[in-house]
Asker: 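The structure follows.
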Amino acid sequence: DTIEMAIGTIELQLYQLGRTEVPSDVIGELVMALLRDVDDVAYVRFASVYRRFADLEVLSDEIERLRDQKQRDEERRRQMSLGL
């Protein structure tokens with residue numbers, strides 16, 4: 001169900017662009033954004049291929065960015081639930 005919903009979300013975003021052709025990098029970025037919210041491991045695996053990580057340092061940096069983003073997202077959710 002999650003995969004079908006993800007595909008539907010990406011398709012909708014592509015249709016909303018109103019273009020007959022969409023560059024592959026736009027699709028790749030949409031996929032990465034969605035995977036970031038759905039599955040951390042799938043995101044890192046996709047990003048490592050899509051962005052062609054050259055070494056473990058680059059991979060480690062991306063994982064750290066993902067952790068930071070998740071932490072910021074969680075903090076925003078907590079603030080919203082508190083009405084701040």
Asker: For salt bridge (Lys or Arg N to Asp or Glu O under 4.0 Å), just list the numbers for Arg65 and Asp68, CA-CA rounded to whole Å, side-chain angles, deciding distance to a tenth of an Å, and then say yes or no.
Answerer: CA-CA 5 Å; Arg65 274 192 293 278; Asp68 291 345; over 6 Å; no
Asker: Under the salt bridge (Lys or Arg N to Asp or Glu O under 4.0 Å) test, which residues partner Asp61, sequence neighbours left out?
Answerer: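 Here no residue qualifies.
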Asker: With sequence neighbours left out, write down each residue that passes side chain to side chain donor-acceptor pair (under 3.5 Å) with Arg72, or none if nothing qualifies.
Answerer: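 Side chain to side chain donor-acceptor pair (under 3.5 Å) list for Arg72, sorted by chain: Gln69.
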Asker: Going by salt bridge (Lys or Arg N to Asp or Glu O under 4.0 Å), name the residues that satisfy it together with Arg51, two or more places apart in sequence or in a different chain.
Answerer: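 For Arg51, the residues satisfying salt bridge (Lys or Arg N to Asp or Glu O under 4.0 Å) (neighbours in sequence not counted) are Glu29, Glu62.
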Asker: Looking at Glu75, I'd like to know if its CD atom is crowded, meaning that more than 12 non-hydrogen atoms belonging to other residues, nucleotides or ligands lie closer than 6.0 Å.
Answerer: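 Atom CD in Glu75 is packed in, count exceeds 12.
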Asker: For the side-chain contact (heavy atoms from CB on, under 4.5 Å) test, which of Arg77, Gln71, Arg76 pairs with Glu74?
Answerer: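 Only one option passes, and that is Arg77.
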Asker: Output all residues satisfying side chain to side chain contact (heavy atoms under 4.5 Å, CB included) with Gln16, sequence neighbours left out; order by chain, then residue number.
Answerer: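 Counting only residues at least two positions away or on another chain, Gln16 forms a side chain to side chain contact (heavy atoms under 4.5 Å, CB included) with Leu12.
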Asker: Transitive ILVMFWY cluster of Leu59 at side-chain heavy atoms under 4.5 Å: who else is in it?
Answerer: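 Besides Leu59, the hydrophobic cluster comprises Ile10, Leu14, Leu17, Val22, Val26, Ile27, Leu30, Val31, Met32, Leu34, Leu35, Val38, Tyr43, Val44, Phe46, Tyr50, Phe53, Leu56, Val58, Ile63, Leu66, listed by chain and residue number.
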Asker: Using side chain to side chain contact (heavy atoms under 4.5 Å, CB included) as the criterion, list what pairs up with Arg52, not counting sequence neighbours.
Answerer: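 Partners of Arg52 under the side chain to side chain contact (heavy atoms under 4.5 Å, CB included) test: none.
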Asker: Residues two or more places apart in sequence or in another chain: which of them pass side chain to side chain donor-acceptor pair (under 3.5 Å) with Arg67?
Answerer: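 Side chain to side chain donor-acceptor pair (under 3.5 Å) check on Arg67 returns nothing, list empty.
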Asker: Who passes salt bridge (Lys or Arg N to Asp or Glu O under 4.0 Å) against Asp40, sequence neighbours left out?
Answerer: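 Scan of Asp40 (salt bridge (Lys or Arg N to Asp or Glu O under 4.0 Å), adjacent residues dropped) gives Lys70.
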Asker: Other than Ile7, which residues form its hydrophobic cluster under the rule that side-chain heavy atoms must be closer than 4.5 Å?
Answerer: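 Besides Ile7, the cluster holds Ile3.
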Asker: Considering residues at least two apart in sequence or located in another chain, which fulfil the side chain to side chain contact (heavy atoms under 4.5 Å, CB included) criterion with Glu21?
Answerer: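 Per chain and number, Glu21 pairs via side chain to side chain contact (heavy atoms under 4.5 Å, CB included) with no residue.
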Asker: If the condition is salt bridge (Lys or Arg N to Asp or Glu O under 4.0 Å), which residues does Glu57 pass it with, not counting sequence neighbours?
Answerer: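 With neighbours one apart ignored, the set is empty.
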Asker: How would you list, by chain and number, every residue that makes a side chain to side chain contact (heavy atoms under 4.5 Å, CB included) with Val49, sequence neighbours excluded?
Answerer: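 Expected list: none.
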